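Since the model is a prediction, treat every value here as computed from it, not as a measurement. Read the numbers this way: they start at 1 and go in the same order the structure lists the ligands and their atoms.
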Amino acid sequence: MKKLESREDIEHLVNSFYAKVTKDETIGLFFTDIAKVEWNKHLPKMYAFWESILFGQMTYKGNPMGAHFPINEMQAMEQKHFDRWLELWKATIEENFAGENADIAIYKAENIARLMAFKMDLARRL
Ligand code: HEM
């Protein structure tokens, strides 16, 4: 299986992931109906985000946590949504890549998702 090692690999990973996400019964609606994502803007942000995490390129300049609060206000982002997000992320990686960066991409996503789920839950209680 291929290593996750180039910008092209990241673009392929992110594109394949969102192809699954937008068709998904559990989380697709967040992207298609709630946030009405502009893909030509969102996808380059996600390439930069993962490039920064995996290759230390620091091309992503944004606030990944902050972007989710307004979405959480429109539609609660709950544990089941994060579980599904992670399931699709892992499946997409495992279908395409193996090796250290593939493992790191899963591990980092799990940690960010855990923190994000906690923050979204807290925000709904305030
Ligand atoms: C239930 C889980 C999640 C849902 C439904 C969700 C949904 C969204 C949506 C709708 C956007 C906004 C797209 C736009 O700009 O129109 C977004 C942005 C983003 N998401 Fe998520 N997300 C989830 C989990 C995650 C996780 C776990 C990560 C990181 C591992 C992540 C990373 C990002 C990043 C980096 C952005 C771009 C923020 C920016 O504007 O700079 N998301 N997400």
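- Between Lys20 atom NZ and Arg84 atom CZ the span is 9.0 Å, to the nearest 0.5 Å.
- What sits closest to atom 6 (C) of ligand 1 on the protein, heavy atoms only, is Phe31 CZ, 3.4 Å.
- Residue contact check: Ala35 has heavy atoms under 4.0 Å from atoms 10 (C) of ligand 1.
- Not a single heavy atom of Trp89 sits under 4.0 Å from any atom of ligand 1.
- Summary of contacts: the protein heavy atom closest to atom 12 (C) of ligand 1 is Ile71 CD1, 3.9 Å.
- Ion pairing between Asp83 and Lys80 fails under the 4.0 Å rule for side-chain N and carboxylate O.
- Taking a cut-off of under 4.0 Å to the non-hydrogen atoms of Ile112, the atoms of ligand 1 that pass are 29 (C), 30 (C).
- Atom CG of Leu54 is separated from atom CZ of Phe49 by 9.5 Å, given to the nearest 0.5 angstrom.
- Note that the CD atom of Gln57 and the OH atom of Tyr47 stand 16.0 Å from one another [nearest 0.5 Å].
- Only side-chain heavy atoms of Met116 come within less than 4.0 Å of ligand 1; its backbone N, CA, C and O stay farther off.
- Here the OG1 atom belonging to Thr92 is positioned 9.0 Å from the NE2 atom belonging to His12, to the nearest 0.5 angstrom.
- Among protein heavy atoms, the minimum distance from atom 39 (C) of ligand 1 is reached at Tyr60 OH, 3.4 Å.
- The hydrophobic cluster containing Leu4 also contains Ile104, counting ILVMFWY residues as joined when their side-chain heavy atoms lie under 4.5 angstrom apart, directly or transitively.
- Interface of His81 with ligand 1, defined as ligand atoms under 4.0 Å from a residue heavy atom, comprises 1 (C).
- The CD atom of Glu94 sits 8.5 Å away from atom CG of Asp103, with the distance rounded to the nearest 0.5 Å.
- Counting heavy atoms under 4.0 Å from ligand 1, residue Met46 touches it through the side chain alone.
- Of the protein's non-hydrogen atoms, His68 NE2, 2.8 Å is the one closest to atom 43 (N) of ligand 1.
- Nearest non-hydrogen protein atom to atom 40 (O) of ligand 1 is Lys45 NZ, 3.0 Å.
- In terms of protein heavy-atom proximity, atom 24 (C) of ligand 1 is closest to Trp85 NE1, 3.2 Å.
- Summary of contacts: the protein heavy atom closest to atom 4 (C) of ligand 1 is Met77 CE, 3.5 Å.
- Of all protein heavy atoms, the one closest to atom 18 (C) of ligand 1 is His42 CE1, 3.4 Å.
- A salt bridge is defined here as a Lys NZ or Arg NE, NH1 or NH2 lying under 4.0 Å from an Asp or Glu carboxylate O, and Arg7 with Glu11 meets this definition.
- Classification of the Phe31-His42 ring pair by plane angle, with boundaries at 30° and 60°, yields tilted.
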